[in-house]
Each structure stands twice: as C-alpha cells, then as structure tokens.
Amino acid sequence: PRDPVAAPDHDLTARVERECYRALPAARVNDEDGRVRRLVDTLARCSFDVAPALLGWLARERPSTYAAVLAADRAAVRRTGHGAALAHPYHHTVLPLLSRRDQATEVRWGLAEFRRRFGREAAGMWLPECAADDTTLDVLAAAGVRFTVLAPHQLQPLGGGDAAALGACGARVTTASGRALAVYTYDAGLAHDVAFGGLLRDGRAWAVRLREAARSLGGGGLVAVAAGAETFGHHHRFGDMALAAMFDTLEAGAATAPKARSHGAAGD
C-alpha cells in the first residue's frame, strides 16, 4: 500500500531517492544570478557507504541512480587512486549485540556484497550507528578491513590526551586478540551543525569551517564530518547543493587551503 507520508511518491525510500540519492551524483552549483554553473559529483568527492538492502533496491527500482553510485566510486579511483565507497555489514544491525559468529557473518557477507557491486575489495567498513566493541573491531580486522570510523567519545587514547585529536590523525587500535586496524573519528561539532545547526544554509560557510578546523590541527590531521545522506535533500531541502558548494569552494582554494575531507554515510 501507498505510504501517505511519502506522497507524492509510493513509499519513503522512493521519496528519499528522488529528493536525495538521485541528486548527489550531479548536484548543482549556481552562480550569483542563480544559474547553474556546474554539476558536482559529490559522492566521488567524499567517503560514502550504501547498505546492501538499499543497493539492491536501487539496482531494481532506480537503475540510473544505482549506476551513478557505482560510477562515483570508479571516478574516485581514477582521481585519487582510492575508491570513495566503504563497505557496510549485510544488515543494518548493531553488531556488538550479536554473537561473534553472527558479527563475522554480517561482515563477511557485507564485504562479499561490496565486492559484487563495486568490483573491488573494500578498504573500510562503516558500522551501523558507529556501534563497536573489542570483538567487533577484531572481527573487522580478521576479515581484512583496514579502517573504520567512530564517534570521538568512543576512542580513548592510552595515557590520557585528546581523543578527538588522536582520531583526526588516525589511531591504530590493537584488539585483545592482537589484531590491528586504523580508526578515525569525525568532528562531532561540525557533524552536529551540518545535521541540526543550519550549516547547510551556506555551503561556502561550511567550507570555511572545515578550513578553520584543519588549521587547528596544524595541517597534519584529517577533518571528517559524518552525516546521513538523507541530510542532503530530504531532511534539508537543497542540502545537496550546499554539499556541492562546499566542495566547489574547497577545490577553488585547494592550492592554499589545508586538507579537509567530508564523510557522508548513506543508510538503508
């Protein structure tokens, strides 16, 4: 049956695809007169994940959007030598609540699905809700996953110190079993302001905030912002354009600006 909340679309997934997923690979950047100056493939310029259930739906119901998602990953490989897409466990489940065997199944199936869709091995995996414990990280490392992203409060440096700064530079976490993988944290303040603080009203102001955050790290760290892809067009109308304007501004000043990177996570 039709979902009245999704009108005029049949269901909420269809509405979000129209408002958001379809726009992200070709987001508009306008000039001062409001005319489209260029289109930006935002997915090719940030890390992103798409849960297997959503990838399957896109392949069946919206093949052009599905093709654009895969093309964005290939474009990132050509531009940087690294893919943009991260893997995702096979289901959107909180992994620490599962047994180790079920966690291993979710991760291995998710990696296999990623390999089938994107045609390459995944270097990183996004964890649903960023939920992780020692067992979860050990399962990732055992499966060959090289890195994941966590919230700042989840990473506690040995001997004290600033967990956010440690995550910005990348932390190598060794599990109780002796396996290791890299962990990065996102900037909680920036992530909040993107999702809830009105930062998407001006993509150029967002770029300024990213540059300021990068300077505070002395140019030697990574400024990461984690947000659901639905933020850009569904929760915030024209959010895809703000994302494109942010990348456009950063690229225009790339010769002098410190490095900054946005991480967007698309869930099913």
Problem set entry | Least distance between heavy atoms, Pro25 atom then Leu43 atom | CG-CD1, 4.1 Å
Problem set entry | Considering all heavy atoms, the nearest Arg28-Leu39 contact | CG-CD2, 3.7 Å
For this session: Could you tell me the separation between the CG atom of Asp41 and the SG atom of Cys46, rounded to the nearest 0.5 Å?
Result: 9.0 Å
For this session: Examine the side chains of Thr185 and Gln154 and answer whether a donor and an acceptor come within less than 3.5 Å of each other.
Result: no
Exercise. Of all heavy-atom pairs between Ala44 and Ala75, which one has the smallest distance, and what is that distance?
Worked result: CB-CB, 4.1 Å
Exercise. Is the shortest side-chain N to carboxylate O distance from Arg120 to Asp73 below 4.0 Å?
Worked result: yes
For this session: Would you mind reporting whether Arg45 and Glu251 have side-chain heavy atoms less than 4.5 Å apart?
Result: yes
For this session: Compare every heavy atom of Gly197 with every heavy atom of Arg201, then report the nearest pair and how far apart it is.
Result: NH1-O, 4.4 Å
For this session: Grab the two heavy atoms, one from Pro152 and one from Tyr186, that are nearest each other, plus how far apart they are.
Result: CG-O, 3.0 Å
For this session: Tell me whether Phe48 is reachable from Val77 by hopping between hydrophobic residues (I, L, V, M, F, W, Y) whose side-chain heavy atoms are closer than 4.5 Å.
Result: no
For this session: Determine whether more than 12 heavy atoms belonging to other residues, nucleotides or ligands lie under 6.0 Å from atom NE2 of His10.
Result: yes
For this session: Over all heavy atoms of both residues, which pair between Cys130 and Val149 is shortest? Give the atoms and the distance, please.
Result: SG-O, 3.7 Å
Exercise. Under 4.0 Å between a Lys/Arg side-chain N and an Asp/Glu carboxylate O for Arg215 and Glu212?
Worked result: no
For this session: Measure the CG-OG1 distance between Leu95 and Thr136 for me, rounded to the nearest 0.5 Å.
Result: 5.5 Å
Problem set entry | Residue pair Val107, Leu140: steps toward the side-chain contact (heavy atoms from CB on, under 4.5 Å) verdict | CA-CA 7 Å; Val107 169; Leu140 292 184; 3.8 Å; yes
Exercise. Can you tell me how far the CE atom of Met241 sits from the OG1 atom of Thr42, to the nearest 0.5 Å?
Worked result: 12.5 Å
Exercise. Are His234 and Leu12 close enough that some pair of their side-chain heavy atoms sits under 4.5 Å apart?
Worked result: yes
Exercise. So His88 and His92, would you call those rings parallel, tilted or perpendicular, with 30° and 60° as cut-offs?
Worked result: parallel
Problem set entry | Note: Asp138-Arg100 ion pair, threshold 4.0 Å (strictly below) | yes
Problem set entry | Residues Arg209, Asp193: salt bridge by 4.0 Å N-O rule | yes
Exercise. Does Leu155 belong to the same Ile/Leu/Val/Met/Phe/Trp/Tyr cluster as Val145, with side-chain heavy atoms less than 4.5 Å apart forming each link?
Worked result: yes
Exercise. For Arg62, does the CZ atom have more than 12 heavy-atom neighbours from other residues, nucleotides or ligands under 6.0 Å away?
Worked result: yes
Problem set entry | Test item: side-chain donor near acceptor, Arg117 and Tyr66, under 3.5 Å | yes
For this session: Just do the side-chain contact (heavy atoms from CB on, under 4.5 Å) check on Leu98 and Gln103 with the steps written out, would you?
Result: CA-CA 6 Å; Leu98 305 181; Gln103 288 193 48; 3.9 Å; yes
For this session: Go through the steps for Arg38 and Asp248 under the test salt bridge (charged side-chain N to carboxylate O under 4.0 Å, His left out), then give the verdict.
Result: CA-CA 9 Å; Arg38 63 179 295 210; Asp248 184 68; 2.7 Å; yes
Exercise. Under a 4.5 Å side-chain heavy-atom rule over Ile, Leu, Val, Met, Phe, Trp and Tyr, are Leu190 and Leu217 clustered together?
Worked result: yes
Problem set entry | Minimum side-chain heavy-atom gap Leu200-Thr231 below 4.5 Å | yes
Problem set entry | Backbone N/O of Ala195 and side chain of His236: donor-acceptor pair under 3.5 Å | yes
Exercise. Counting heavy atoms not belonging to Arg60, are there more than 12 under 6.0 Å from its CZ?
Worked result: yes
For this session: Please check if Phe118 and Trp57 belong to a single hydrophobic cluster, counting links between Ile, Leu, Val, Met, Phe, Trp and Tyr side chain heavy atoms closer than 4.5 Å.
Result: yes
Exercise. How long is the span from the CG atom in Leu127 to the CD atom in Glu106, to the nearest 0.5 Å?
Worked result: 11.5 Å
For this session: Begin with the C-alpha distance, continue with both residues' side-chain angles, and end with the deciding distance and a verdict on side-chain contact (heavy atoms from CB on, under 4.5 Å) for Leu243 and Phe232.
Result: CA-CA 7 Å; Leu243 183 63; Phe232 307 106; 4.2 Å; yes
Exercise. Is any side-chain heavy atom of Asp9 closer than 4.5 Å to a side-chain heavy atom of Val16?
Worked result: no
Exercise. CD of Glu61 to OG1 of Thr13: how many Å apart, nearest 0.5 Å?
Worked result: 9.5 Å
Exercise. Going only through I, L, V, M, F, W and Y residues with side-chain contacts under 4.5 Å, is there a path from Val208 to Leu222?
Worked result: no
Exercise. Parallel, tilted or perpendicular for Tyr90 and Trp109, by the 30°/60° rule?
Worked result: perpendicular
For this session: Check whether any side-chain heavy atom of Val94 sits under 4.5 Å from a side-chain heavy atom of Pro128, and report yes or no.
Result: no
Exercise. Yes or no on side-chain contact (heavy atoms from CB on, under 4.5 Å) for Leu97 and Thr93, after CA distance, side-chain angles and deciding distance?
Worked result: CA-CA 8 Å; Leu97 298 181; Thr93 186; over 6 Å; no
Exercise. Below 4.5 Å, heavy atoms only, C-beta onward: do Leu150 and Tyr184 meet side chain to side chain?
Worked result: no
Exercise. Could you state the interatomic distance from CZ (Arg237) to SG (Cys20), rounded to the nearest 0.5 Å?
Worked result: 14.0 Å
Problem set entry | Asp134 side chain vs Ala176 backbone, donor-acceptor pair below 3.5 Å | yes
Exercise. Taking C-beta and beyond as the side chain, do His192 and Leu199 meet within less than 4.5 Å on heavy atoms?
Worked result: no
Exercise. Are side-chain heavy atoms of Phe114 and Met125 found at a separation under 4.5 Å?
Worked result: no
